[in-house]
Amino acid sequence: GVVKYIVDELDSFNGQTRDNTHIIITSDHGYLLGEYNRVGKWTLMESTTRVPLSIIPSRKLQSLYPALKVGTKVSSPVDQIDVFPTLLDMAGIPDDYQILGPEDK
(Lines give C-alpha, C1' and ligand atoms only; values in the text may rest on other atoms or scores of the structure.)
Protein backbone atom coordinates (compact mmCIF):
# COMPACT_ATOMS: atom_id res chain seq x y z
CA GLY A 1 0.00 0.00 0.00
CA VAL A 2 1.75 3.07 1.32
CA VAL A 3 5.31 1.95 0.56
CA LYS A 4 4.37 1.08 -3.02
CA TYR A 5 2.76 4.52 -3.35
CA ILE A 6 5.98 6.20 -2.13
CA VAL A 7 8.12 4.17 -4.54
CA ASP A 8 5.73 4.92 -7.43
CA GLU A 9 5.82 8.65 -6.61
CA LEU A 10 9.61 8.63 -6.54
CA ASP A 11 9.59 6.86 -9.91
CA SER A 12 7.31 9.53 -11.35
CA PHE A 13 9.67 12.47 -10.60
CA ASN A 14 12.53 11.49 -12.87
CA GLY A 15 14.85 8.55 -13.38
CA GLN A 16 17.44 9.69 -10.90
CA THR A 17 15.23 10.30 -7.87
CA ARG A 18 14.60 6.61 -7.14
CA ASP A 19 18.12 5.73 -8.25
CA ASN A 20 19.55 7.84 -5.41
CA THR A 21 16.87 7.53 -2.70
CA HIS A 22 16.92 5.10 0.20
CA ILE A 23 13.61 4.51 1.97
CA ILE A 24 13.76 3.76 5.70
CA ILE A 25 10.65 2.89 7.69
CA THR A 26 10.82 2.51 11.46
CA SER A 27 9.13 3.71 14.62
CA ASP A 28 9.58 4.12 18.33
CA HIS A 29 8.27 1.45 20.68
CA GLY A 30 5.81 3.79 22.38
CA TYR A 31 4.96 4.47 25.98
CA LEU A 32 3.09 1.29 27.04
CA LEU A 33 -0.08 3.32 27.42
CA GLY A 34 -1.83 1.12 29.95
CA GLU A 35 -0.48 -2.18 28.65
CA TYR A 36 0.84 -4.44 31.43
CA ASN A 37 -0.61 -1.86 33.87
CA ARG A 38 2.27 0.47 33.03
CA VAL A 39 2.71 3.93 31.52
CA GLY A 40 6.26 4.82 30.55
CA LYS A 41 9.47 3.40 29.16
CA TRP A 42 11.17 2.23 32.33
CA THR A 43 10.08 -1.40 31.97
CA LEU A 44 11.08 -3.43 28.95
CA MET A 45 8.66 -6.12 27.87
CA GLU A 46 9.49 -8.15 24.77
CA SER A 47 6.52 -6.76 22.87
CA THR A 48 7.70 -3.19 23.52
CA THR A 49 11.28 -3.75 22.43
CA ARG A 50 10.31 -4.90 18.95
CA VAL A 51 9.87 -2.16 16.37
CA PRO A 52 9.55 -2.31 12.59
CA LEU A 53 12.63 -1.57 10.52
CA SER A 54 12.49 -1.72 6.76
CA ILE A 55 15.23 -0.43 4.51
CA ILE A 56 14.67 -0.20 0.78
CA PRO A 57 18.02 0.70 -0.76
CA SER A 58 18.39 2.98 -3.76
CA ARG A 59 18.60 1.39 -7.18
CA LYS A 60 22.17 2.64 -7.38
CA LEU A 61 23.15 0.77 -4.22
CA GLN A 62 21.31 -2.34 -5.44
CA SER A 63 23.29 -2.24 -8.70
CA LEU A 64 26.60 -1.89 -6.82
CA TYR A 65 25.77 -4.90 -4.63
CA PRO A 66 23.89 -7.46 -6.72
CA ALA A 67 23.91 -9.91 -3.80
CA LEU A 68 21.71 -7.44 -1.91
CA LYS A 69 18.25 -8.94 -2.16
CA VAL A 70 15.30 -6.62 -1.61
CA GLY A 71 12.74 -8.35 0.59
CA THR A 72 15.31 -10.21 2.67
CA LYS A 73 14.14 -10.75 6.23
CA VAL A 74 16.70 -10.64 9.00
CA SER A 75 15.88 -12.57 12.15
CA SER A 76 18.80 -11.29 14.23
CA PRO A 77 18.13 -8.36 16.56
CA VAL A 78 19.00 -4.86 15.45
CA ASP A 79 19.00 -1.68 17.48
CA GLN A 80 17.87 1.80 16.49
CA ILE A 81 21.36 3.03 17.33
CA ASP A 82 22.58 1.00 14.33
CA VAL A 83 20.41 2.92 11.84
CA PHE A 84 22.54 6.08 11.66
CA PRO A 85 25.88 4.32 10.99
CA THR A 86 24.13 2.10 8.44
CA LEU A 87 22.78 5.15 6.61
CA LEU A 88 26.25 6.74 6.62
CA ASP A 89 27.65 3.56 5.12
CA MET A 90 24.88 3.41 2.49
CA ALA A 91 25.61 7.04 1.58
CA GLY A 92 29.34 6.35 1.25
CA ILE A 93 30.26 8.67 4.12
CA PRO A 94 33.55 7.66 5.81
CA ASP A 95 33.58 5.88 9.18
CA ASP A 96 35.48 8.76 10.80
CA TYR A 97 32.54 11.16 10.28
CA GLN A 98 32.10 13.39 13.32
CA ILE A 99 28.68 14.69 14.31
CA LEU A 100 28.66 18.43 14.92
CA GLY A 101 28.07 19.45 18.49
CA PRO A 102 26.71 22.70 19.98
CA GLU A 103 30.22 24.17 20.03
CA ASP A 104 30.46 23.81 16.21
CA LYS A 105 28.09 26.69 15.35
Side-chain angles (χ1 to χ4, degrees):
V2 174
V3 176
K4 182 176 179 350
Y5 174 80
I6 292 169
V7 171
D8 290 345
E9 286 296 308
L10 288 171
D11 283 336
S12 72
F13 291 132
N14 61 47
Q16 292 183 330
T17 303
R18 178 64 186 104
D19 290 346
N20 297 308
T21 303
H22 305 298
I23 301 169
I24 293 88
I25 301 167
T26 190
S27 76
D28 193 319
H29 55 75
Y31 277 105
L32 282 176
L33 296 176
E35 296 178 28
Y36 306 104
N37 295 320
R38 306 257 189 299
V39 177
K41 292 187 178 186
W42 56 83
T43 305
L44 294 177
M45 305 292 193
E46 184 177 357
S47 61
T48 64
T49 59
R50 297 179 180 267
V51 297
L53 175 60
S54 296
I55 300 176
I56 304 169
S58 67
R59 286 188 187 138
K60 183 177 179 180
L61 189 67
Q62 291 176 41
S63 68
L64 291 173
Y65 299 96
L68 183 67
K69 301 291 183 204
V70 175
T72 301
K73 292 184 181 182
V74 178
S75 60
S76 59
V78 296
D79 197 335
Q80 298 292 45
I81 200 165
D82 299 323
V83 173
F84 184 68
T86 300
L87 294 177
L88 290 178
D89 189 41
M90 290 171 68
I93 297 172
D95 291 343
D96 60 354
Y97 174 81
Q98 296 294 315
I99 299 173
L100 297 177
E103 66 281 356
D104 296 319
K105 292 182 181 179

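The basis for the numbers below is simple: all heavy atoms, side chains too, and nothing from hydrogens, waters or symmetry mates. All figures in this text were calculated on a predicted structure; none of them were measured in a lab.
- At a threshold of 4.5 Å between side-chain heavy atoms, the hydrophobic network of Ile, Leu, Val, Met, Phe, Trp and Tyr places Leu61 and Ile6 in two separate groups.
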- Could you walk me through whether Arg18 and Val7 pass the side chain to side chain contact (heavy atoms under 4.5 Å, CB included) check? CA-CA 7 Å; Arg18 178 64 186 104; Val7 171; 4.0 Å; yes
- Message: Is there a side chain to side chain contact (heavy atoms under 4.5 Å, CB included) between Ile23 and Leu10? Walk through the geometry before answering.
- Response: CA-CA 10 Å; Ile23 301 169; Leu10 288 171; 3.8 Å; yes
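- Annotation: the span from Ile56 atom CD1 to Ile25 atom CD1 amounts to 5.0 Å, rounded to 0.5 Å.
- To the nearest 0.5 Å, atom CE of residue Met90 and atom CG of residue Leu87 are 6.5 Å apart.
- We find the CD1-OG1 distance between Ile55 and Thr26 to be 8.5 Å, quoted to the nearest 0.5 Å.
- The pair Asp19-Arg59 counts as a salt bridge, with a side-chain nitrogen and a carboxylate oxygen less than 4.0 angstrom apart.
- Taking OG1 of Thr86 as the start and CD1 of Ile81 as the end, the distance is 11.0 Å to the nearest 0.5 Å.
- For the atom pair CG of Asp89 and CG of Asp82, the computed distance is 12.0 Å after rounding to the nearest 0.5 Å.
- Within 6.0 Å of atom CD in Gln80, more than 12 heavy atoms from other residues, nucleotides or ligands are found, so the atom counts as buried in its surroundings.
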